[in-house]
Amino acid sequence: MERKDIIAQQAQLHDSFYLYDGCGILERTECLKSNFPGIEFLYSIKCNPHPQVLRTIFSQGFGADAASLGEVLLAGEAGLSKNQIYYSAPGKTEKDIETAITRAVLIADSLSEIRRIQNAAERLGIVAEIGIRINPDFTFYADCGMPSKFGIDQDQALDFLQNQTCPNVRITGIHVHLKSQELQADVLAGYYRKMFRLAEIFQRACGGLEYVNLGSGIGIPYSGKDSELDMPLLGAALEKELAGFRSMHPSTRVMIEVGRYAVCKSGVYVTKVIDRKVSRGKSYLILKNTLNGFLRPSLAQLVMHYSQETSPAGTEPLFTSGDAFGFLTLKEDAPTEYVTLVGNLCTAADVVADDILMPRMEPGDVVIMTNAGSYAAVLSPMQFSAQEKPAELFLHPDGRVV
Ligand SMILES: *Cc1c(COP(=O)(O)O)cnc(C)c1O
């Protein structure tokens, strides 16, 4: 069945829904694997934890980047084992540590967290093999470090490793993640180069590393003005760096995390026109569950409204750009009109698009919003105003909608 027929069919059953496309996700995981040979991948669950999405991605050999205890448990329920789940987040509580220590590889985010892991491991009578998240002496664009709430400053970590007294903790890996949504292959390649130099330093300081997690950064085009990241070029650059590193450290595993790259393009948000009105010459379409069903388009309107700049910098994952989402209909042949798309909440902030050209729509017609596979359902305030929640549907590679 054609994609638009599936959407029309599901719109008979649901007034608003997400539709995730399993085939699309598999194409992306395949693209990563073929362009980055020798690399292991982790999926960042926080961008879309739908159980079928997790199963699909994990079935391709991906491990999990978990940002909370809840995500550690979700990854376990989806079938991953302890050594495939990497739990990296600032501010883990005692309970988070105690519960996750036997279910995931903990990535300590501060020196005091290493001590808390030491205490938990001692209580349990085990030696915990953990990673540490490093705040390195570089950024994507410069060769000096920045203050950060994430990770342990490189110098502090090295100092700790020289003088550590944690008999129940063994540090076997490092993790760095500095930035999301990078579209320049040469910038990412430069970052990977710096990462391998950093890994070299920690190989020595830790007496060998089992893994180096390069984090994420792999971006996707949201706006029509963005161009696709050159994956073959990036893959070739990484392969070259990796070959040099592997000649020194043949058994150290190298990992990359992806969230949005794997899923964003494979999700749409579909909602229905409930009403239309013209007020003092301006045409409005009132849609079901916009700000509360898919927050990011409304947030983009809000940022653009208050910003003095024509293209304000992104603040991921809340804001990417003012034109990050497409609005489509199934009525391609209808005459067009300028309309403002608003939602059914009792707030004037509930605007998703202001005065855009669309085919004329009537109550019952559907509006399809693109780029809704990541940071979409999970970021939306669905509890607000006791509204009925959008459904989350998964289109199986075999054609079934579940
Ligand atoms: C959110 C997150 C990611 C995923 O970022 P994307 O831009 O969606 O790929 C990767 N690593 C860490 C540590 C994260 O917090």
Side-chain angles (χ1 to χ4, degrees), residues 20 25 28-29 31-32 35-36 39-50 53-54 57 62-72 74-75 84-92 96 100 104-110 113 130-136 139-140 146 148-152 173-185 187-188 191-192 195 211-222 226 228-229 231 234 238 254-267 296 313-321 324 371-379:
Y20 308 126
I25 293 170
R28 304 292 271 195
T29 53
C31 172
L32 287 163
N35 281 302
F36 298 83
I39 299 287
E40 294 177 32
F41 294 97
L42 304 180
Y43 173 60
S44 298
I45 295 179
K46 73 175 188 291
C47 80
N48 186 336
H50 188 279
V53 169
L54 296 187
I57 295 174
F62 283 47
D65 162 36
S68 68
L69 175 62
E71 292 183 358
V72 167
L74 281 176
Q84 296 174 295
I85 307 171
Y86 294 80
Y87 176 17
S88 186
K92 301 181 193 75
D96 293 335
V105 178
L106 297 176
I107 307 293
D109 202 77
S110 70
E113 190 174 293
I130 67 165
I132 47 176
R133 181 159 173 179
I134 307 294
N135 177 29
T139 66
F140 272 31
M146 294 280 282
S148 175
K149 78 169 210 185
F150 296 105
I152 307 166
I174 61 167
H175 174 212
V176 173
H177 170 69
L178 298 179
K179 184 180 179 287
S180 279
Q181 187 51 20
E182 178 57 58
L183 291 171
Q184 301 288 325
V187 171
L188 278 164
Y191 166 69
Y192 295 153
M195 276 301 298
Y211 57 91
V212 174
N213 181 347
L214 305 176
S216 193
I218 296 179
I220 51 171
Y222 279 90
D226 295 335
E228 191 86 48
L229 175 61
M231 295 293 270
L234 179 59
L238 177 56
V254 177
M255 300 180 289
I256 282 181
E257 297 167 337
V258 291
R260 68 191 64 207
Y261 186 85
V263 292
C264 186
K265 296 283 169 189
S266 301
R296 277 165 48 95
T315 305
E316 296 295 339
L318 294 174
F319 173 73
T320 306
S321 68
N371 294 334
S374 61
Y375 307 109
V378 280
L379 276 185

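Nothing fancy with the numbering, it's 1 onward along the sequence. All ligand and atom numbering here is 1-based and tracks the order in the structure.
- Residue His177 touches ligand 1 through its side chain alone, judged by heavy-atom distances below 4.0 Å.
- Close approach to His175 involves these atoms of ligand 1, each under 4.0 Å from a residue heavy atom: 13 (C).
- Within the 4.5 Å cutoff, no side-chain heavy atoms of Asn213 are placed close to those of Asp65.
- Aromatic rings of His50 and Tyr20 (six-membered ring for Trp) have centroids within the 6.0 Å cut-off, being under it.
- Listed by number with element, the atoms of ligand 1 under 4.0 Å from a non-hydrogen atom of Glu257 are 10 (C), 11 (N), 12 (C), 13 (C).
- Regarding atom 4 (C) of ligand 1, its nearest protein heavy-atom neighbour is Ser44 OG, 3.3 Å.
- The atoms of ligand 1 that sit less than 4.0 Å from any heavy atom of Ser180 are 5 (O), 6 (P), 7 (O).
- Numbered from 1 in the order shown, with element, the atoms of ligand 1 that lie under 4.0 Å from a heavy atom of Tyr375 read 1 (C), 4 (C), 5 (O), 6 (P), 8 (O).
- Across all non-hydrogen atoms, the minimal contact from Leu178 to Thr139 is CD1-CA, 3.9 Å.
- The shortest distance between side-chain heavy atoms of Glu316 and Lys179 does not fall below 4.5 Å.
- Atom 2 (C) of ligand 1 has its closest protein heavy atom at Lys46 NZ, 2.3 Å.
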Could you walk me through whether Glu71 and Lys46 satisfy the salt bridge (charged side-chain N to carboxylate O under 4.0 Å, His left out) test, starting with their C-alpha distance in whole Å, then the side-chain angles of each, then the deciding distance to 0.1 Å, before giving a yes or no?
CA-CA 7 Å; Glu71 292 183 358; Lys46 73 175 188 291; over 6 Å; no

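- For ligand 1, the polar-atom distance check finds an N/O of Gly259 within less than 3.5 Å of one of the ligand's N/O atoms.
- Each of Arg260, Gln181, Arg296 was scored for a side-chain hydrogen bond (donor to acceptor under 3.5 Å, both in side chains) with Thr320, with one residue passing: Arg296.
- Ligand 1 places these atoms under 4.0 Å from at least one heavy atom of Ser216: 5 (O), 6 (P), 9 (O), 10 (C).
- You'll find the side chain of Arg28 reaches within 4.5 Å of the side chain of Ile220, heavy atoms only.
- Near Arg133, with a cut-off below 4.0 Å to any heavy atom, the atoms of ligand 1 are 13 (C).
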